[in-house]
Amino acid sequence: MGIELEIFYLYKITSDENKETNVLIRCTREEFPNYSQTKENQVNKDVESKKDVLLKSFIIQNLVANKENTKVEFLGEMQVNTFGDELYEIENKELTIYVADTEYGFPWITIGQADSKMDFTKKMKDDEIYDSEMGILSLNPKVETLRKLKIELITEANTV
């Protein structure tokens, strides 16, 4: 069974006034039976569609004056559990997160909430759920690329 999965998509949106906004979109991919490639393809298509609607809606609501001159840059995605309770809340909000590239290259990133780079590294290594087989460590984060970002969290739960 393909499990239900929270997917995080990170974008940088630049308006024509060169105002940059980092947007993190969280969507849920529904579970699917492993024996059905058709169903897997459909749930993957559905989650991508949800993400696209949320991104477009954010741009329209926040950059209505000059949306045609808006530049949208996809920075990466993460498909494993992470730390930071606020990342799983249902409300859209502004947050500070840490982001690191991974050994697997683009588009894979790791994200989480922490007080500092050292705290991020400690949380990533200490919590059992983030083990090397199923969590953040499975992505082989490049700690040297770890950076702090202010983001707007957009969740599908808030749009229903």
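On a predicted model such as this, the values are computed, not experimentally measured, just so you know.
Using modelled atom types, no side-chain atom of Asn92 and backbone atom of Glu152 make a donor-acceptor pair closer than 3.5 Å. Under the 3.5 Å distance criterion, the side-chain polar atoms of Thr110 are left unmatched by any main-chain donor or acceptor of Pro141.
Side chains of Gln42 and Glu40: no donor on one and acceptor on the other come within 3.5 Å. Side-chain contact annotation: Lys51 with Tyr11, donor-acceptor N/O pair under 3.5 Å present. One side chain, Ser57 or Gln61, offers a donor N or O that lies under 3.5 Å from an acceptor on the other. Side-chain contact of Glu48 with Tyr9: a donor-acceptor pair under 3.5 Å is present, judged by distance alone.
Of the charged side-chain nitrogens involved, none lies within less than 4.0 Å of a carboxylate oxygen, so that Asp46 and Lys50 do not count as a salt-bridged pair.
Pairing each heavy atom of Leu10 with each of Ile151, the nearest pair is CD1-CG2, 4.1 Å.
Not less than 6.0 angstrom separates the ring centroid of Phe83 from the ring centroid of Tyr88.
Pairs engaging residues 96-110 under the salt bridge (charged side-chain N to carboxylate O under 4.0 Å, His left out) rule: Asp101-Arg147 [sequence neighbours left out].
Under the 4.5 Å side-chain contact rule for hydrophobic residues, Ile154 and Val72 share a cluster. Linking Ile, Leu, Val, Met, Phe, Trp and Tyr whenever their side-chain heavy atoms come within less than 4.5 Å puts Val80 and Val143 in one cluster.
For the pair Asp52 and Leu54, the minimum side-chain heavy-atom distance is 4.5 Å or more.
Taking the six-membered ring for Trp and thresholds of 30 and 60 degrees, Phe74 and Phe106 have ring planes more than 60 degrees apart, a perpendicular arrangement.
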Considering only distance and modelled atom types, tabulate donor-acceptor pairs under 3.5 Å from the side chains of residues 23-34, sequence neighbours left out.
| residue | atom | partner | partner atom | Å |
| --- | --- | --- | --- | --- |
| Arg26 | NE | Glu6 | OE1 | 3.1 |
| Arg26 | NH1 | Leu87 | O | 2.6 |
| Arg26 | NH1 | Glu89 | O | 2.9 |
| Arg26 | NH2 | Glu89 | O | 3.3 |
| Thr28 | OG1 | Glu6 | OE1 | 3.3 |
| Thr28 | OG1 | Glu6 | OE2 | 2.9 |
| Thr28 | OG1 | Glu156 | OE2 | 3.4 |
| Arg29 | NH2 | Ile3 | O | 2.9 |
| Asn34 | OD1 | Gly2 | N | 3.0 |

